[in-house]
Colleague: 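Once you've had a glance at the structure underneath, I'll fire off some questions.
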Amino acid sequence: MEKSFEPAQIESKWYERWEASGAFQPSGKGEPYCILLPPPNVTGTLHMGHAFQQTVMDMLARYQRMRGMNTLWQVGTDHAGIATQKIVENQLAVEDRTRHDLGREAFVERVWKWKEESGSTITNQMRRIGAAADWSRERFTMDEGLSAAVRKVFIDWYRAGLIYRGNRLVNWDPVLGTAVSDLEVNNVERDGHMWSIRYPVVGSDESVVVATTRPETMLGDVAVAVHPEDERYAHLVGKTLKLPLTDREIPVIADDYVDKDFGTGCVKITPAHDFNDYAIGQRHKLAPITIFTLAAKVNDNAPEKYRGLDRYDARKRVLADLEAAGLLVETKPHKLQVPVSDRSDAVIEPMLTDQWFVDLTSDVQTDGRPGGRQAITLPALDAVRSGEIKFVPENWATTYTQWLDNIQDWCISRQLWWGHRIPAWYDEAGNIFVGEDEADARANATTTPVGTLRQDDDVLDTWFSSALWPFSTMGWPANGPVKNERGEVVANWEQDKIFLPSAVLVTGFDIIFFWVARMVMATKYFTGQIPFREVYINAIVRDAEGQKMSKSKGNTLDPLDLIDGIELEPLVAKSTRSLLLPQVREKVEKRIRKDYPNGIPSIGTDALRFTFAALASYSRTINFDIKRAEGYKAFCNKLWNAARFALSNIGDRAEPAQGIPQPTLEVNRWILTRVKQMLIEVEQHFTSYRFDHVAQTLYEFTWNELCDWYLELIKPVFRGKSDDADTLTTIDSKAIAETEHTLLYVLETVLRALHPITPFITEEIWQWVAPKLALSESSLMQRPWPRADEIVADDAATAEIEWFKNVLSGIRRIRSEMNISPAKTIPLLFADGDASDRQRANKFNPAIEFLARVTPTPTPHSTQAISPPSIDPPSFIPSPSVSRWIEPNTQEPASAAAVVGSMRVLIPLAGLIDLGAEKTRLAKEISRIEVEIKKCEGKLGNANFVANAPPEVVTQERQRITDWNTTVTALREQAQKLG
RNA sequence: GGGUGCUUAGCUCAGCGGUAGAGCGUCGCCCUUACAAGGCGGUGGUCGUAGGUUCGAUCCCUACAGCACCCACCA
């Protein structure tokens with residue numbers, strides 16, 4: 001093995017070997033366990049959020065696979081309608097062309113070409129994270145198989161009356177030229193104005209004043225509304241107003257939507273460009289007047305002078321004209337929420353257009369069939385309410401159910417070219433025909449088509465196909481095997497439906513509505529099953545200061561840069577490349593030079609994954625700090641070196657050790673006990689998705705138990721090995737053999753337990769370890785998860801080792817506090833204590849001498865052969881009887897002391913220790929314990945405590961006070977001896 | 001307006017009814033033959049505020065304050 005851990009050297013080889021071995025595919029044996037990858041946008045590149053989420057999925061998949069589950073991690077990518085179309089349109093823009101220059105067919109072909117060339121960026125990056133996903137089943141939402149599912153779902157829902165086409169007010173993105181769903185609109189606070197405009201009453205000197213943030217929409221006003229109980233305006237209801245700047249007259253209507261106390265209490269009503277106004281217009285049967293084109297320019301319904309103006313130019317003109325007419329009463333600054341398109345940042349314009357909708361709100365259809373609420377929404381709601389689907393952390397269930405309780409119909413048509421084209425045709429009379437293709441649509445027609453049929457130009461919302469992911473990827477609705485474009489079988493519903501429901505969905509809270517809810521709806525409806533049993537909502541990754549990562553802030557991190565490391569200059573270059581504004585570029589560059597003066601060090605995949613695991617508590621954000629990742633790289637190095645230590649001490653065994661060790665030495669029995677506890681905890685934490693605790697448990701075991709203690713404690717055993725083999729007694733070689741076996745077993749077990757988090761380093765080390773244990777598997781990936789119940793715990797051995805650790809810690813503390821060099825050998829004596837202390841001191845003497853650098857006891861017969869030990873079972877190595885013990889009532893040298901139970905561990909002061917400093921140290925220790933004793937006495941002196949607290953708590957408290965008293969007595973005695 | 005979180009050591013976070021923990025940082029001593037990406041030891045917290053429940057509250061309840069995020073919004 002190399003001297004230190006070099007991730008780059010070992011990561012490159014293992015992934016390909018694993019994948020080639022078929023280890024990523026379902027074994028076909030055991031209980032099905034499926035994880036669905038939220039298909040990333042095919043346009044995407046891996047960011048920290050992906051890396052985190054995928055690490056979580058990979059840990060689960062690897063863990064369950066080792067546990068013997070028939071594990072499928074289903075992967076694929078999403079066609080991402082708008083995002084992908086935009087990329088290719090941007091390419092065309094460079095050539096000074098638009099998609100319309102190419103025409104639909106050629107454009108779509110070009111997008112496909114782009115997808116073939118660039119669409120696997122993100123999946124290749126996933127491989128660098130170590131994702132053990134089944135790539136042989138990789139799917140794309142526009143695969144033929146998945147497209148067939150989309151068509152069937154659309155047609156079935158249409159025929160069930162659950163999809164309808166309607167002329168409705170929708171969120172229109174005038175830049176992208178398409179409708180978007182409610183979810184794709186963000187409300188952004190902007191500084192604007194509130195304008196008050198006077199509308200004269202026809203045939204009167206009176207007038208009303210309305211307030212608006214969008215004065216240009218007055219051109220489309222159809223009424224002014226007041227509250228029905230507003231006495232100020234009661235006499236005007238039913239009267240007519242002169243709509244300024246136009247030749248139209250509009251009524252005053254009464255509607256209790258109006259808030260009497262807001263503004264003037266009068267609201268202008270523009271049903272064609274405002275959702276609330278639309279509802280009011282419907283209630284009062286007022287025909288909406290659309291005044292904008294789809295590009296948000298004023299149309300021919302407005303007076304001529306405004307036509308063709310962009311909505312913001314129109315606003316200026318309208319205001320100027322109102323001002324000139326003396327009808328602009330007031331202008332004041334006003335903060336308002338502006339609806340902005342998620343994809344283009346364009347301000348959304350509500351527009352009346354023909355669109356397709358999924359009914360999610362009606363209870364019963366006019367013909368008596370169940371409406372969308374009954375058929376789709378409520379089953380999705382019940383799946384979570386009933387607990388059939390569980391959210392982790394569970395409070396997200398509230399978010400889910402509240403959204404479904406207030407859901408609107410889902411606008412599924414998009415005026416794009418890239419996507420699943422809607423399987424609907426229109427005849428020349430405007431009748432609708434839906435089917436797999438034109439022939440099928442005709443065959444299923446209920447009316448005779450008039451003239452030729454023309455297919456709907458629109459495509460479906462990207463999320464429509466994502467909603468089907470849990471069953472479309474399993475081969476639904478085909479009867480037999482589904483093949484990809486290369487002719488390989490990727491799914492077969494008859495076999496693969498065992499993976500439905502999947503075990504857990506790992507995803508971000510931001511797509512609970514977009515995706516999670518819709519998968520439940522569609523999967524429930526079409527398969528009768530839930531799509532997944534649990535939904536683990538992962539945290540959002542922020543920077544070290546808790547700020548959102550964004551390119552314009554310059555605080556993003558590329559997971560691959562963390563893995564590979566990157567020099568400062570290339571980092572600056574790549575971080576500023578896509579930034580357009582010079583001042584932003586400058587700011588970002590400055591920040592990067594400040595944050596990473598030396599670039600980013602290479603952390604390696606394993607350390608990055610360990611960091612993600614360690615951060616994955618139930619908190620909803622995690623702050624990623626490179627410092628932390630560097631700490632976990634150190635952990636990897638620690639593990640690496642522990643393995644080197646083990647392997648170099650064991651050397652080439654003639655015969656490999658096999659099976660689970662049954663050692664007799666306490667130190668070995670103790671570490672096995674600790675391994676058992678560690679495994680039990682790790683399993684619990686996996687079950688509850690507490691990856692932070694999984695990581696912490698493994699970290700602490702590996703570092704604080706295995707490395708800090710076990711490896712140190714067995715050094716005295718192995719020290720015997722370096723001696724001439726002839727001088728070893730039988731017991732020595734037995735002790736060495738069982739220790740080697742235990743060490744190998746423990747190391748191999750911890751490698752298995754760590755493998756889900758750090759697959760690369762564990763595999764690499766395992767390859768060195770496996771031959772020495774005669775393991776038949778060729779890869780750690782094939783090893784079973786270590787079972788805690790195979791290991792026997794030994795509490796007695798644990799008590800022995802705890803005693804020993806206390807003695808050693810006591811000596812170390814004295815050394816440190818008294819400034820005795822760790823290299824200096826010191827004398828050691830024991831006093832007081834009981835019989836078991838004597839026995840233990842005797843037994844552990846050689847280990848104490850070795851590990852605490854203690855002067856060996858002069859043994860009268862040191863030249864003679866070592867006598868057989870009187871203790872059974874043998875300890876580290878057999879020990880001659882020692883003469884460290886100070887008998888009662890004998891003179892003892894002035895010493896520094898540590899107390900273990902009732903025993904005093906003494907280091908004689910002569911020449912080593914400052915008497916005054918030792919007195920101070922003792923006094924401090926005594927007063928600390930006295931405080932504890934006071935606390936205990938306070939509790940036990942309280943009759944209510946003794947009467948009401950659980951008996952075991954009272955017992956525990958009594959035990960504590962006894963222990964403290966023992967310790968403090970010994971300390972006081974020591975203090976007194978020092979004078 | 002409705003909802004959901006968070007507030008614990010200098011920083012980032014666990015803990016959650018019965019002795020306040022980790023990592024990083026910091027301080028001291030050590031290049032001790034697995035590891036200086038290391039070892040050993042130390043420092044550091046009246047657990048946001050105020051009440052309540054309880055024998056006992058960082059933990060449960062109530063109110064308040066501050067900070068986030070989500071949803072819906074008054075023209």
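Chain A is the first sequence line, chain B the second, and so forth, proteins listed ahead of strands; every chain is numbered from 1.
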Colleague: Is it true that, when you exclude A/Glu189 itself, more than 12 heavy atoms of the residues, nucleotides or ligands shown sit nearer than 6.0 Å to its CD?
Modeller: yes
Colleague: Which is true for A/Cys707 with a 4.0 Å heavy-atom rule: it touches a base, it touches only sugar-phosphate, or it touches nothing?
Modeller: base
Colleague: Check the angle between the aromatic planes of A/Tyr632 and A/Phe610 and answer parallel, tilted or perpendicular using the 30° and 60° thresholds.
Modeller: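 Aromatic pair A/Tyr632/A/Phe610 classed tilted.
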Colleague: So, is A/Asn948 close to the B/U54 phosphate, meaning a side-chain N or O under 4.0 Å from OP1 or OP2?
Modeller: no
Colleague: Does A/Glu918 pair with A/Arg921 as a salt bridge, N-O distance under 4.0 Å?
Modeller: yes
Colleague: Hey, are A/Asp405 and A/Arg385 close enough for a salt bridge, meaning a charged N less than 4.0 Å from a carboxylate O?
Modeller: yes
Colleague: Less than 6.0 angstrom separating the ring centers of A/Tyr689 and A/Tyr618, yes or no?
Modeller: no
Colleague: Does the distance from a Lys or Arg side-chain N to an Asp or Glu carboxylate O, for A/Glu925 and A/Arg928, drop under 4.0 Å?
Modeller: yes
Colleague: What does nucleotides 65-75 of chain B look like as a protein-contact string, B for base, S for sugar-phosphate only, - for none, at under 4.0 angstrom between heavy atoms?
Modeller: ---SSSS-BBB
Colleague: Expressed in angstrom and rounded to an integer, what is the separation of A/Asn623 atom CG from B/C6 atom C1'?
Modeller: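 Nearest whole value for this atom pair: 12 Å.
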Colleague: Is the backbone of A/Glu184 close enough, under 3.5 Å, to the side chain of A/Asp342 for a donor and an acceptor to pair up by distance?
Modeller: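 Checked: no pair found.
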Colleague: What nucleic acid atoms does A/Lys939 come within less than 4.0 Å of, heavy atoms only: base, sugar-phosphate, or nothing?
Modeller: sugar-phosphate
Colleague: Are there any protein N/O atoms within less than 3.5 Å of an N/O atom in nucleotides 22-32 of chain B, and if so, which ones and at what distance?
Modeller:
{"from": "B/G28", "atom 1": "N2", "to": "A/Ser816", "atom 2": "OG", "distance (Å)": "3.3"}

Colleague: Are the charged groups of A/Glu932 and A/Arg960 less than 4.0 angstrom apart, N to O?
Modeller: yes
Colleague: Under 4.0 Å, counting only non-hydrogen atoms across every strand here, what does A/Asn637 touch: a base, just sugar-phosphate, or nothing?
Modeller: base
Colleague: Determine the contact category for A/Phe635: base if any of its heavy atoms lies under 4.0 Å from a base atom, sugar-phosphate if only primed atoms, P, OP1 or OP2 are that close, otherwise nothing.
Modeller: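 No contact at all - A/Phe635 keeps every heavy atom at 4.0 Å or more from the nucleic acid.
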Colleague: Check every strand shown and say whether A/Glu712 touches a base, only sugar-phosphate, or nothing at a heavy-atom separation below 4.0 Å.
Modeller: base
Colleague: Would you say A/Arg813 reaches B/C40's phosphate, i.e. side-chain N/O to OP1/OP2 under 4.0 Å?
Modeller: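 Answer is no, no contact under 4.0 Å.
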Colleague: For RNA chain B, what is the dot-bracket line, given that a base pair needs Watson-Crick (N1 to N3, plus N6-O4 or O6-N4) or G-U wobble (N1-O2 and O6-N3) geometry with both distances under 3.5 Å, and | means paired with another strand?
Modeller: ((((((((.[[[[.)..(..]]]].(((((.......))))).....[[[[[..)....]]]]])))))))....
